[in-house]
Amino acid sequence: MPVNVNPIKFGTDGWRGLIAADFTFERVVKVASLSAQVLRDNYGKEHKPLVVVGYDQRFLAEEFALAAAEAVAAEGFEVNLAEGYASTPAFSWAAFEQKALGALVLTASHNPSGYLGLKVKGAFGGSIPPDVTQQIEALIPDAKIPEIEIKKLKITRFDPWKSYIQELQSKVDLGKIKNAIATGEITVIADVMHGSAAGGLSRLLEMPIEEINRDRDPLFGGNPPEPLPRYLSKLFRCIRTEARKNPNNLRVGFVFDGDGDRIAAVDGSGHFLSSQILVPILIEHLAKRRGLTGEVIKTVSGSDLIPRLAHLYNLPIHETPIGYKYIAERMLTEKVLMGGEESGGIGYGTNIPERDGLLSALYLLEAIVESGKDLSTLYQNLQQQTGFTSAYDRIDLPLKDMTVRQKLVDKLASESLSEIAGKQVIDCLSIDGYKFRLEDSSWLLIRFSGTEPVLRLYCEAADLTQVHQTLSWAKNWAAQV
């Protein structure tokens with residue numbers, strides 16, 4: 001095997017790699033075949049031998065999806081292959097609705113344009129749990145490439161949008177939202193980042209919604225399709241232009257990542273809102289306006305406002321490592337109101353155990369329409385109710401290679417930090433990376449990407465000045481190592 005080819009390994013949600021280096025047709029055929037077999041081993045007793053295969057708008061995604069479908073069909077499975085791109089949650093829903101063993105989705109989510117990947121979804125309509133991904137990984141070293149006879153394959157094409165859209169529409173008061181948009185009460189703009197959420201809001205709301213970066217672009221405009229502020233200058237301009245034109249109307253911008261399972265937003269004044277802000281707003285909306293109950297699941301990088309708000313509404317709280325598969329696993333055994341990630345993945349007990357950017361947008365629209373308030377106003381009200389005010393930011397630092405990544409991992413494992421940015425460390429949580437709680441109740445999380453040589457730094461503190469001081473300290477620490 002060439003030195004520059006990385007081993008096939010599943011990260012927080014699937015396997016990803018550089019196209020033509022790590023991610024090749026030969027490897028995809030092998031992994032797809034093994035994934036179908038493992039899905040049958042785990043879910044075959046109650047589900048028919050059917051596997052859904054879908055894809056996003058990335059370079060060669062259709063071709064890789066067809067190769068995966070043929071490999072699965074060659075193993076004797078029936079395959080429903082999407083006739084076009086769709087968001088990853090649409091394929092998770094298809095697996096559940098069609099009573100399939102699961103779904104294989106060709107996507108690299110928010111990764112840069114040179115990447116492609118394979119997400120494996122279970123029969124329940126969500127990411128397979130870690131023990132199932134481990135079963136796939138264990139089979140890879142000894143697996144052979146399956147022989148494929150095209151004429152004998154059972155592959156059926158299907159529309160991945162129709163049933164999915166109908167299901168999401170049933171979750172909200174669609175008429176009230178549509179009326180607010182039609183009468184000009186609220187203006188909605190979506191940045192789909194050249195990804196597979198393109199056209200999604202228009203389908204859901206049954207009316208044209210202004211979208212930017214809708215065209216298919218294999219290079220994603222030169223940026224990764226990740227809902228981060230530095231990639232959203234066009235959306236900021238659009239919202240602020242709309243604010244000058246109609247200052248008395250409500251406005252909102254939504255941002256979806258490359259495969260449509262994650263969301264961020266822009267408020268009516270053109271300010272970025274991460275899921276650290278959106279999750280509390282959604283908790284209030286579901287618990288207060290919709291009267292729903294259940295456990296709130298947060299990952300280790302989630303804001304401290306989330307447990308405070310859960311306590312305010314008498315909701316149980318549970319914390320997991322980062323990765324929606326951990327939230328999905330919890331949703332299979334507990335009554336859950338919602339589960340959310342800092343990176344924008346949010347899922348709901350009203351739906352399958354899968355994060356869904358378009359469903360999140362619907363709930364946020366409903367919250368705006370029913371409250372008559374801007375998203376930032378809703379968030380500020382929650383801060384006042386809980387008496388908790390904070391600021392948050394995150395930095396992703398590219399590393400030279402995986403060797404440097406391992407050096408940093410070893411450093412954290414062997415030497416505990418007692419002081420960070422001049423503040424005493426009072427606790428360290430290591431369920432995913434290292435989360436240091438400091439003496440002033442702020443926190444710093446140091447962890448690593450599961451698929452790339454990237455160091456991720458997260459911080460929440462009383463204000464942005466303190467956040468940036470702590471993140472700057474962490475950058476310097478990493479540079480010294």
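On a predicted model such as this, the values are computed, not experimentally measured, just so you know.
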Least distance between heavy atoms, [X] atom then [Y] atom:
X	Y	value
I263	S360	CG2-CB, 3.9 Å
V51	A36	CG2-CB, 4.2 Å
I317	P307	CD1-CA, 4.1 Å
R27	P7	NH2-CA, 4.0 Å
G44	L101	CA-CD2, 3.6 Å
P280	S275	CD-O, 4.0 Å

Any side-chain heavy-atom pair of [X] and [Y] under 4.5 Å:
X	Y	result
E354	T88	yes
L116	T107	no
R405	L455	no
F59	S113	no
T293	L337	no
V172	I177	yes
Y326	P130	yes
L457	K475	yes

Checklist entry - Which residue pairs pass the ring pair (Phe, Tyr, Trp, His ring centres under 6.0 Å) test with at least one member in residues 116-147, sequence neighbours excluded? => result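 Listed once each, the pairs are Y43-F124.
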Item to check | Of all pairs that satisfy ring pair (Phe, Tyr, Trp, His ring centres under 6.0 Å), the ones with a partner from residues 330-350, not counting sequence neighbours | outcome: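 Those involving residues 330-350 are Y348-Y363.
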Donor-acceptor pair, [X] side chain versus [Y] backbone, under 3.5 Å?
X	Y	value
H110	D257	no
Y458	R447	no
W161	Y85	yes
K435	V300	yes
D217	G221	yes
K121	F91	no
E366	D173	yes
S430	G433	no
R58	Y115	yes
E460	D304	yes

Give, for atom [atom1] of [X] and atom [atom2] of [Y], the distance between the pair rounded to the nearest 0.5 Å.
X	Y	atom1	atom2	value
L375	L364	CG	CG	5.5 Å
Y164	E97	OH	CD	13.5 Å
N223	N213	CG	CG	9.0 Å
L362	F254	CG	CZ	8.5 Å
F448	L399	CZ	CG	7.0 Å
Q135	I140	CD	CD1	12.0 Å

State whether [X] and [Y] are salt-bridged, where the test is any N-O pair (Lys NZ or Arg NE/NH1/NH2 against Asp/Glu carboxylate O) under 4.0 Å.
X	Y	value
D356	R262	no
E62	R216	yes
E342	R394	yes
K335	E295	no
E319	K298	yes

Next on the checklist: Using 30° and 60° as the class boundaries, would you call the ring planes of F64 and F25 parallel, tilted or perpendicular?
Outcome noted: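 Ring orientation of F64 relative to F25: parallel.
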Checklist entry - S170 and Q166: side-chain donor and acceptor closer than 3.5 Å? => result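 Result is no, nothing qualifies.
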Next on the checklist: Pair K178, L174 - check side chain to side chain contact (heavy atoms under 4.5 Å, CB included), show working.
Outcome noted: CA-CA 6 Å; K178 290 171 62 176; L174 191 65; 3.7 Å; yes
Tell me whether the count of non-hydrogen atoms from other residues, nucleotides or ligands lying under 6.0 Å of [atom1] in [X] goes above 12.
X	atom1	result
E26	CD	no
F158	CZ	yes
F436	CZ	yes

Item to check | Check against side-chain hydrogen bond (donor to acceptor under 3.5 Å, both in side chains), T133 and E137 | outcome: CA-CA 6 Å; T133 60; E137 288 179 335; 5.3 Å; no
Next on the checklist: One pair to check against side chain to side chain contact (heavy atoms under 4.5 Å, CB included): E341 and V279. What are the steps and the verdict?
Outcome noted: CA-CA 9 Å; E341 299 179 291; V279 167; over 6 Å; no
Item to check | Worked verdict on H318 versus I327 for side chain to side chain contact (heavy atoms under 4.5 Å, CB included) | outcome: CA-CA 9 Å; H318 180 76; I327 296 176; over 6 Å; no
Next on the checklist: Does D410 form a side-chain hydrogen bond (donor to acceptor under 3.5 Å, both in side chains) with Q406? I'd like the steps, not just the answer.
Outcome noted: CA-CA 6 Å; D410 295 341; Q406 189 58 49; 2.9 Å; yes
Next on the checklist: I'd like to know whether E46 forms a salt bridge (charged side-chain N to carboxylate O under 4.0 Å, His left out) with K99, so could you lay out the CA-CA distance, the side-chain angles of the two residues, the decisive distance to 0.1 Å, and finally the verdict.
Outcome noted: CA-CA 9 Å; E46 298 178 357; K99 297 181 172 55; over 6 Å; no
Checklist entry - Could you walk me through whether F23 and I8 pass the side chain to side chain contact (heavy atoms under 4.5 Å, CB included) check? => result CA-CA 9 Å; F23 203 85; I8 298 171; over 6 Å; no
Item to check | Test salt bridge (charged side-chain N to carboxylate O under 4.0 Å, His left out) applied to D261 - qualifying residues, sequence neighbours left out | outcome: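 With sequence neighbours excluded, D261 shows a salt bridge (charged side-chain N to carboxylate O under 4.0 Å, His left out) to K119, R355, given in chain and number order.
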